[in-house]
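Chain identifiers are assigned alphabetically (A, B, ...) following the order of the sequence lines, protein sequences preceding nucleic acid strands; residue numbering begins at 1 within each chain. Not measured: the values here are computed from a predicted model.
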Number of protein chains: 2
Amino acid sequence: MSSQLALADLPQIERRTLSETAYDALSDLLASGRLAPGDRLSLRQTAAALGVSVMPIREAVSRLVADGALEVAPNRAVRVPILDAGEFRALAETRMAIEGLAAGRAAERRDAAELAAIRRAEEAFRANAQAPAPDGAKAVALNRDMHFAVYAACGLAPMREIIARLWLKAGPVLNLDLRAHPERLQHGSALRRHAEVLRAVETRDATAAAAAVAGDIHDAADFILSRGGLRGAESS
Amino acid sequence: MSSQLALADLPQIERRTLSETAYDALSDLLASGRLAPGDRLSLRQTAAALGVSVMPIREAVSRLVADGALEVAPNRAVRVPILDAGEFRALAETRMAIEGLAAGRAAERRDAAELAAIRRAEEAFRANAQAPAPDGAKAVALNRDMHFAVYAACGLAPMREIIARLWLKAGPVLNLDLRAHPERLQHGSALRRHAEVLRAVETRDATAAAAAVAGDIHDAADFILSRGGLRGAESS
DNA sequence: CTGCCCGAACTGTGATCACACATCACTAGC
DNA sequence: GCTAGTGATGTGTGATCACAGTTCGGGCAG
């Protein structure tokens with residue numbers, strides 16, 4: 001029957017639950033640094049803000065708590081975790097190890113299309129950073145795009161999920177600062193590190209790619225730590 | 001006041017929500033392989049089995065879904081994911097990379113107490129495996145204890161959480177088989193690999209520790225893949 | 001003016017109900 | 001006899017209500 005052909009062209013109707021939408025919305029807030037460490041979150045208030053009942057919010061929040069991106073205090077208050085210097089350092093070291101691993105694999109296995117995507121992401125980040133007035137919020141998103149363009153080429157889906165979760169935990173600490181002071185993009189090392197990553201991926205140099213990504217993470221973490229905004233922080 | 005001293009000795013009352021308890025119960029079922037890939041899970045039935053309402057179960061299940069330990073089919077049915085050969089291989093490779101990393105760090109940083117704990121875990125696993133009639137369920141638990149005794153010595157809390165999540169995803173596939181055929185413990189390579197891990201940690205040989213853990217994971221994954229129980233599986 | 005205390009408002013947790021949808025057995029129609 | 005439609009049953013999802021606990025501010029006593 002000809003109708004079969006017409007039906008085959010129909011796009012699948014996407015079935016998203018409100019919980020997923022709420023999870024995405026809160027994730028975005030956390031990853032972009034619009035929720036700062038220590039900020040409290042009320043189920044009812046966020047439910048009202050998103051125009052839904054508390055149920056979808058509960059599920060979204062409980063997932064984020066499981067990810068470590070949010071925490072429930074013994075008082076049962078939900079808030080963005082405040083990392084002390086030691087926890088932040090451990091998180092940064094974990095990221096350096098795992099994201100370095102992923103970048104190394106990406107350098108070895110990437111194909112032409114993936115390389116092109118990484119190159120585009122690097123260019124976009126550079127264009128914004130070198131602009132007369134860099135956009136902090138945009139820089140956060142473009143930085144994320146650049147990193148995940150690399151990790152997408154590593155060929156391991158579980159690895160990408162793990163890294164996404166790590167970013168959820170580190171996002172509030174890292175990006176709050178970047179949003180507030182986008183000018184450090186121009187003097188910071190991110191630009192140079194990204195160029196190193198791109199070059200290593202181009203030449204299939206796994207060791208260099210891992211070192212460049214680890215260096216990028218290390219520099220950013222060092223900057224945050226030296227600024228001393230964390231509880232119990234001491235420089236280096 | 002002397003009552004202050006007496007009060008200080010009181011252990012903290014643990015405030016566990018029903019959701020957490022349910023999560024632990026389901027995690028245990030998954031990690032030990034008592035829930036097999038493809039098994040369906042009904043919220044109402046499990047709620048009745050645990051003697052609670054569906055609410056705590058919903059939160060527990062949604063967390064496990066977020067971890068990838070469960071999945072909701074487009075039909076909205078909750079079930080244990082059925083990994084095809086490619087997915088299983090990617091998961092195994094990710095585990096080899098990350099758990100190898102953790103083992104390497106553990107070998108470098110372990111202190112005497114951690115070494116002793118690892119040694120005890122290795123002995124316990126060996127004792128059960130070399131018994132006339134090895135206990136499959138016990139072997140699963142002891143194998144887990146051995147691995148996590150090593151990872152606990154790596155000094156990075158986020159790394160341990162990541163590995164725990166990976167085990168949740170791989171558990172049903174790996175341990176279902178081991179529970180059914182515990183006799184392969186006697187001929188399998190797990191015993192030898194564990195001894196290699198212990199030796200490497202004793203001598204602080206990071207490279208050897210990483211290789212031994214990766215080898216252990218590789219051998220188990222290879223065995224599962226060669227057995228061909230996975231969709232789209234071909235040997236090696 | 002300062003300290004304590006009590007109560008109102010809010011928090012997350014859990015139970016219960018309502019709803020749209022999927023599945024499957026069964027039956028009426030070809 | 002076989003297919004398509006129909007109903008009952010069970011599913012996850014979402015809303016609403018009830019409750020114990022916390023927090024915070026206003027008012028009373030010192």
Which residue lies toward the 5' end of DNA chain D, A:Leu18 or A:Arg40, if each is placed at its nearest nucleotide? A:Leu18
Would you mind checking if B:Glu161 and A:Arg165 are paired as a salt bridge, meaning a charged N to carboxylate O distance below 4.0 Å? no
Looking at B:Gln45, does any N or O in its side chain come under 4.0 Å of the phosphate oxygens OP1/OP2 on D:dG10? no
Interface limits on DNA chain C, where chain B has a heavy atom under 4.0 Å of a nucleotide atom: C:dG14 to C:dT23
Quick one: is A:Thr17 getting a side-chain N or O under 4.0 Å of the D:dT13 phosphate, OP1 or OP2? no
Is B:Val61 touching bases, backbone alone, or none of the nucleic acid, heavy atoms closer than 4.0 Å? nothing
Look at all strands and tell whether A:Ser42 reaches a base, only sugar-phosphate, or nothing, counting heavy atoms closer than 4.0 Å. sugar-phosphate
May I ask you to say what A:Glu20 touches in the nucleic acid, namely base, sugar-phosphate or nothing, with a heavy-atom cut-off under 4.0 Å? nothing
Using a heavy-atom cut-off of under 4.0 Å over every strand shown, decide if B:Val72 touches base, sugar-phosphate, or nothing. nothing
Whole Å only: how far is the CZ atom of B:Arg44 from the C1' atom of D:dG12? 7 Å
Taking CZ from A:Arg16 and P from D:dT13, how many angstroms apart are they, rounded to a whole number? 13 Å
A:Tyr23 atom OH is separated from D:dT13 atom C1', nearest whole Å, by 19 Å
Need one value for A:Leu41: base, sugar-phosphate or nothing, where a base atom within 4.0 Å counts as base even if backbone is also close, heavy atoms only. sugar-phosphate
How are the rings of A:His147 and A:Tyr151 set to each other: parallel, tilted or perpendicular (split at 30° and 60°)? tilted
